[in-house]
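Notes to accompany the following structure.
All figures in this text were calculated on a predicted structure; none of them were measured in a lab.
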2 protein chains.
Amino acid sequence: MAGVKDVARLAGVSVATVSRVLNDSAPVTEETRARVLAAVAELGYRPNGVARSLRTDTTRTVGLVIGDILNPFFTELARAVEDEARSAGYSVVIGNADERPGRQDHYVRTLLEQRVDGLLLCPTAEITPLVRDVVRDGGPLVFLDRTLPGLDVPTVRADGTAAIGELVAHLARLGHRRVAFVSGPALLSTGRERTEAFVAALRANGLPVRPEYLEAGDFQAASGRASAARLLDLPEPPEVIFAGDNLMALGALDEIRARGLAIPGDVGLASYDDVPWFTHVDPPVTAIAQPVQDLGRRAVRALLERIARRPVEPEVLAARLVVRRSCGEPGPDRGAEDLAVRPLGAGPQGGDLTKEGSGPA
Amino acid sequence: MAGVKDVARLAGVSVATVSRVLNDSAPVTEETRARVLAAVAELGYRPNGVARSLRTDTTRTVGLVIGDILNPFFTELARAVEDEARSAGYSVVIGNADERPGRQDHYVRTLLEQRVDGLLLCPTAEITPLVRDVVRDGGPLVFLDRTLPGLDVPTVRADGTAAIGELVAHLARLGHRRVAFVSGPALLSTGRERTEAFVAALRANGLPVRPEYLEAGDFQAASGRASAARLLDLPEPPEVIFAGDNLMALGALDEIRARGLAIPGDVGLASYDDVPWFTHVDPPVTAIAQPVQDLGRRAVRALLERIARRPVEPEVLAARLVVRRSCGEPGPDRGAEDLAVRPLGAGPQGGDLTKEGSGPA
DNA sequence: CCGTTTCGTGTAAACGATTACACGCTATCC
DNA sequence: GGATAGCGTGTAATCGTTTACACGAAACGG
């Protein structure tokens with residue numbers, strides 16, 4: 001493959017001049033520039049990014065390690081990260097950890113060896129020694145979507161506490177008292193926080209907190225299904241199952257369907273994470289939507305700041321409740337209101353729930 | 001950051017020896033090996049992949065440019081590619097073309113400059129000069145899922161002709177005569193072929209071929225919705241809409257719902273590509289499933305062959321029909337049989353349609 | 001008219017690894 | 001015991017860029 005040298009020779013200039021033309025890093029006569037460009041075109045020269053990176057110690061590339069590429073939440077996130085990075089002149093290399101610490105480490109290591117300029121990590125449940133090392137060495141690292149306890153790393157994530165509060169209030173208003181939650185791994189902030197928020201919301205709304213209604217999943221569909229099965233096998237099964245992410249909701253849905261149960265008649269379903277197809281399920285699934293675009297965008301901005309060695313503040317965005325019909329008919333706006341404890345700091349309407357049109361009519 | 005030199009100094013050996021230990025490319029005394037390893041650990045040395053790649057002219061990385069990262073078909077594909085590549089010791093860098101030739105070229109260029117060892121490309125509709133160049137230069141390139149006309153590149157893809165034949169036969173058997181198809185871009189093999197197969201199947205089953213029932217979409221949800229709108233606005237709207245990919249099916253579904261139409265009562269729906277949530281739509285969507293895992297796996301294998309400069313044959317796998325309920329109740333296995341022309345070479349049961357359990361009960 | 005900028009260009013030294021080649025030492029074989 | 005092979009190790013060239021530095025010519029100011 002042709003290199004600068006060949007181009008230089010053909011254009012009758014030095015390699016330095018070629019480089020100057022290509023990066024316009026210094027003024028060059030219009031005439032030589034033309035000759036160089038012609039030579040480049042003629043040889044079909046493509047600069048060797050590897051050599052350039054070695055010399056400049058910069059790859060204009062950021063790494064993104066996501067939890068699970070089959071999870072629409074993460075693909076949307078990847079998309080957002082990608083867009084923002086591209087517009088800043090960076091490429092994104094995606095690694096799929098598949099929620100496995102081993103795979104995560106594999107990618108972190110590979111990306112680090114490939115000398116990405118920065119790393120966006122949605123950490124898996126376990127704090128691996130590798131991640132601890134990287135944090136200690138203070139490389140440009142930003143956590144996305146999740147934090148790990150005891151690790152001081154800038155993080156961009158969404159907080160669903162308020163939305164979960166609204167959801168539980170909504171459920172209480174519909175007359176439900178037995179509500180179960182299928183959480184993610186407790187080590188993950190997204191697992192722990194959602195559980196805590198859920199329990200707090202139960203208390204705030206005067207609903208019982210039963211340990212057997214607290215299932216621990218792993219954010220994958222299979223665990224959602226297994227948890228749903230255990231819940232439904234309980235002597236007194238819950239009236240509503242709230243899944244901690246969209247995949248576990250899918251799993252729960254599978255299990256509910258397999259048993260031939262009616263939603264929300266026999267059991268209601270709600271999900272953390274909103275995905276496009278929730279609208280088309282029968283009935284449409286009530287969900288908590290995260291500001292995915294924003295999450296991705298801000299994470300990239302934060303990372304670029306860190307790459308520029310500027311300090312960055314952690315960012316926490318708010319998730320919001322989207323009420324549909326899978327937990328029961330919301331019914332007319334009045335009614336049931338007396339049953340419900342008003343959500344934290346909400347007005348008479350019960351907070352600014354987003355109410356979607358309830359389908360055709 | 002520490003380099004081989006530092007390690008060498010600390011271990012009291014030469015850089016060559018360090019390299020030998022790290023790649024065990026030559027025998028080294030057990031004792032020196034230990035010293036080197038100790039030094040590596042102490043310094044937290046991480047080899048510089050950029051430098052290594054420059055020297056060895058190999059990156060152990062393949063590029064994958066997909067059509068659209070929000071399309072579950074492609075993410076599943078990416079997942080499969082990823083798995084296979086990893087087990088062969090390669091990393092995958094994913095580029096998201098977003099079905100735009102410009103973006104595709106951006107990634108092809110970037111990946112080529114980053115000197116990936118090979119490139120897997122799901123080409124967008126247009127044949128860009130860049131792609132033409134790359135093909136001409138004969139770099140290790142494999143097309144995945146799609147071909148482009150007139151370009152001689154090894155390709156791994158699925159053929160849905162037979163499955164589409166079965167689908168149309170299935171529709172005919174259910175008594176439908178007015179069937180519309182929303183195709184992808186005609187320049188893409190996946191667009192063109194599916195349309196041709198559809199038209200042929202119509203003819204084979206004695207159904208009318210009406211030009212106004214042939215909509216051209218672009219594989220994105222919005223175009224599916226727009227096409228569905230046009231079809232439903234026709235003086236004589238189709239009885240079934242068959243979408244050329246899962247995103248356009250989602251769009252069509254949106255439009256059908258927005259109009260408050262019943263499926264399959266008012267209009268039936270079928271989709272090319274099967275995705276997990278199709279099972280949970282009301283009613284579950286009849287679809288044509290591609291062997292995604294296999295596609296990804298074989299594509300990687302083909303690419304590795306090309307990287308090793310061995311010749312590879314194009315591979316064509318078969319898609320298969322998955323009958324659900326969105327085009328009408330399949331009903332008992334007998335009946336309606338007299339109405340239907342038997343699909344090409346099918347037995348009395350109408351071919352080996354996969355019939356899924358029709359939901360609960 | 002001569003010093004001093006300014007401008008365009010070239011020469012050569014990095015960047016951090018791998019690896020061909022050379023070298024000294026020990027064991028082996030006649 | 002001396003030639004020889006084999007083993008472990010070190011020295012230095014190399015990969016393809018960017019860029020600090022130097023240099024000659026032209027322009028400019030006093």
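The side-chain contact (heavy atoms from CB on, under 4.5 Å) test applied to Gln293(A) returns Glu76(A), Ala80(A), Arg297(A), not counting sequence neighbours. Arg35(A) is linked by a side chain to side chain donor-acceptor pair (under 3.5 Å) to Glu31(A), counting only residues two or more places apart in sequence or in another chain. For Pro314(A), there are no side-chain contact (heavy atoms from CB on, under 4.5 Å) partners two or more places apart in sequence or in a different chain. Looking at residues two or more places apart in sequence or on another chain, you find a side-chain contact (heavy atoms from CB on, under 4.5 Å) between Asn71(B) and Asp68(B), Phe73(B), Phe74(B), Asp245(B), Asn246(B), Leu247(B). A search for side-chain contact (heavy atoms from CB on, under 4.5 Å) contacts involving Leu130(B) returns Arg46(A), Asp105(B), Val108(B), Arg109(B), Thr128(B), Val134(B), not counting sequence neighbours. For the side chain to side chain donor-acceptor pair (under 3.5 Å) test, no residue two or more places apart in sequence or in another chain qualifies with Asp137(B).
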So which protein nitrogen or oxygen atoms get under 3.5 Å of nucleotides 23-28 of chain D's nitrogens or oxygens?
none

Could you list all N or O pairs between the protein and nucleotides 5-11 of chain C that sit under 3.5 Å apart?
{"residue": "dG8(C)", "atom": "O3'", "partner": "Thr29(A)", "partner atom": "OG1", "Å": "2.7"}
{"residue": "dT9(C)", "atom": "OP1", "partner": "Thr29(A)", "partner atom": "OG1", "Å": "2.9"}
{"residue": "dT9(C)", "atom": "OP1", "partner": "Thr32(A)", "partner atom": "OG1", "Å": "3.2"}
{"residue": "dT9(C)", "atom": "OP2", "partner": "Thr29(A)", "partner atom": "N", "Å": "3.0"}
{"residue": "dT9(C)", "atom": "OP2", "partner": "Thr29(A)", "partner atom": "OG1", "Å": "3.2"}
{"residue": "dT9(C)", "atom": "OP2", "partner": "Thr32(A)", "partner atom": "OG1", "Å": "3.1"}
{"residue": "dG10(C)", "atom": "OP2", "partner": "Ser14(A)", "partner atom": "N", "Å": "2.7"}
{"residue": "dG10(C)", "atom": "OP2", "partner": "Ser14(A)", "partner atom": "OG", "Å": "3.0"}
{"residue": "dG10(C)", "atom": "OP2", "partner": "Thr17(A)", "partner atom": "OG1", "Å": "2.8"}
{"residue": "dG10(C)", "atom": "N7", "partner": "Arg20(A)", "partner atom": "NH2", "Å": "2.6"}
{"residue": "dG10(C)", "atom": "O6", "partner": "Arg20(A)", "partner atom": "NH1", "Å": "3.4"}

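For the pair Asn96(B) (side chain) and Asp98(B) (backbone), a donor-acceptor distance under 3.5 Å is present. Checking side-chain atoms of Asp117(A) against main-chain N and O of Thr59(A) turns up a donor-acceptor pair under 3.5 Å.
In this structure, Glu113(B) places its CD atom 15 Å from P of dG16(D), rounding to the nearest Å. Rounded to an integer number of Å, the gap from Leu22(B) CG to dT18(C) P is 7 Å. What separates NZ of Lys5(B) from C1' of dT18(C) is a distance of 14 Å, to the nearest Å. In this entry the distance linking CG of Asp57(A) with P of dG16(C) reads 7 Å, nearest Å. Look at CE on Met1(A): it is 14 Å from C1' on dT17(D), rounded to the nearest Å. Summarising the geometry, the separation between CZ on Arg9(B) and C1' on dT9(D) is reported as 18 Å, rounded to the nearest angstrom. The CG atom of Asp6(A) sits 13 Å away from the C1' atom of dT17(D) (whole-angstrom rounding).
Nucleic acid contact for Asn23(A): sugar-phosphate only, since backbone atoms but no base atoms lie under 4.0 Å from a heavy atom of the residue.
For DNA chain D, the residues of residues 44-55 of chain B within the heavy-atom distance limit of 4.0 Å (strictly under) are Leu54(B), Arg55(B), sorted by number.
Shown here is Arg136(A), whose CZ atom has more than 12 heavy atoms of other residues, nucleotides or ligands within 6.0 Å.
Among residues at least two apart or in separate chains, there is no salt bridge (charged side-chain N to carboxylate O under 4.0 Å, His left out) pair with a member in residues 50-59 of chain B. Applying the salt bridge (charged side-chain N to carboxylate O under 4.0 Å, His left out) definition to pairs two or more places apart or across chains, those involving residues 144-157 of chain B are Glu99(B)-Arg146(B), Arg157(B)-Glu193(B).
Here the shortest heavy-atom pairing between Gln290(A) and Ala158(A) reads OE1-CB, 3.3 Å.
Between its two ends, the helix from dC1(C)-dG30(D) to dC30(C)-dG1(D) turns its axis by 50°, counting five pairs per end and rounding to 10 degrees.
Side chains of Thr61(B) and Gln114(A): a donor-acceptor N/O pair is present below 3.5 angstrom, by distance only.
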